[in-house]
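In what follows, a single structure is set out as structure tokens and then discussed.
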Amino acid sequence: MVAPPSVPLLLDGRALADSLRTKHAPDVAWLKEAGRTPRLVVLQVGADEAAQAYIRGQRRGAEAWGLSYEVRTLPADSGEAAVRRAIRALNADRAVTGILLSLPLPEGLGVRALQHTIDPEKDVEGVHPENLGGCFRGRGLLPCTALAAVALIEMSGVALEGAEVVVVGHSDIVGKPVAMLLLGRDATVTVCHKFTTGLAAHTRRADVLVVAVGKPGLIRGDMVKEGAVVVDVGINAVPSDEGPGRMRLVGDVAFEEVAPRVAAITPVPGGVGPVTVAMLMRNTVLAARGIPPPDDPNQLPLFAH
Ligand code: NAD
């Protein structure tokens, strides 16, 4: 007898993003009534082509959430002092409740130094060291993509306590914060990166696999444990079959090979991406109303079954 093909739970990021918006709609209404409409200002230096898709997503997100949103563009040849001045002006502007420094910056500008200039209470991307440190405790304005990955794992219903979690990718903005947040849930966390030897031996042990690298097809079917939960953070543009010059987006996971083996998986597009934008909006709302205390229901866990 041939076993029927297994159907994994597709972790629908758009549905999760909608539920986050609905959950926070009363906060937005309350803030507007109080004359404190959350206002996110994105500062870009030049207009990097690759960043524009994220900016379009943010604008759509802000519209859907009813938040005020503006992109300010400095000339591509602005020096670091000029960018710092622009950030300080936003820090001082009481009407601005959220600040995002769009990446990548033109060469020669110090990304970290500039991110550190952002007022941590307006740092809605969670890139200031104070907020990155918040990942240790799971509170504060936490990095949006890391929050999105955790929320999608929660959506799968997997029990994290004692689970083997493998995170592939150790960037400051995705891999490390995800690992820290999942340690906070008492998972056993392994972090792999480009210098890890025998990647497959690690990924095959994972009950929960989070991949944030930027290499299409890095994770193949035989690298994943049967019944695992897989969160694919990667976004890669690859040539599409639809004709010369046409591109399509894929993740880091070979979806067709991996999906039949696993219990739950995020699609690309439509997985982590929309939830990242929703988390950015959520952080903008939290920044406008003040970070909730640890026992507030708006803290983690993020997804209620
Ligand atoms: P990054 O370039 O800063 O980090 C990449 C990480 O991958 C590094 O830790 C590196 O050591 C690791 N790596 C590289 N080659 C590897 C290999 N062969 N095996 C194992 N690890 C390897 O990237 P990032 O900013 O963390 O982003 C990672 C991916 O996630 C990118 O595709 C990016 O576009 C995507 N991303 C998506 C969202 C979203 O909202 N969906 C948000 C941020 C980033």
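Atoms within a ligand are numbered from 1 in the order they appear, just like the ligands themselves. Every heavy atom of this structure was used, including side-chain atoms; hydrogens, water molecules and symmetry mates were not. Throughout, residue positions are numbered sequentially from 1 according to the sequence presented.
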Taking Asp207 for its side chain and Ala228 for its backbone only, find out whether a donor-acceptor pair lies under 3.5 Å.
-> no
Distance-only, no hydrogens or angles: does the Asp119 side chain make a donor-acceptor pair with backbone N or O of Asn91 under 3.5 Å?
-> no
Report every pair formed by an N or O atom of ligand 1 and a protein N or O atom separated by less than 3.5 Å, giving atom names and the distance to 0.1 Å.
residue	atom	partner	partner atom	Å
ligand 1	9 (O)	His170	N	2.6
ligand 1	9 (O)	His170	ND1	2.5
ligand 1	11 (O)	His170	ND1	3.4
ligand 1	11 (O)	Lys194	N	3.0
ligand 1	21 (N)	Lys194	N	3.4
ligand 1	26 (O)	Ser171	OG	2.5
ligand 1	32 (O)	Ile235	N	3.1
ligand 1	32 (O)	Ile235	O	3.4
ligand 1	40 (O)	Thr276	OG1	2.9
ligand 1	41 (N)	Val233	O	3.4

State, to 0.1 Å, how close Arg84 and Leu114 come at their nearest heavy-atom pair, and which atoms those are.
-> N-CD2, 3.9 Å
Residue pair Thr73 / Gln44: nearest heavy atoms and the distance that separates them = OG1-NE2, 3.0 Å
If Ile, Leu, Val, Met, Phe, Trp and Tyr residues are connected whenever their side-chain heavy atoms lie under 4.5 Å apart, and connections chain through other members, are Ile235 and Leu11 in the same group?
-> no
Please state whether the rings of His116 and His128 are parallel, tilted or perpendicular, taking 30° and 60° as the class boundaries.
-> tilted
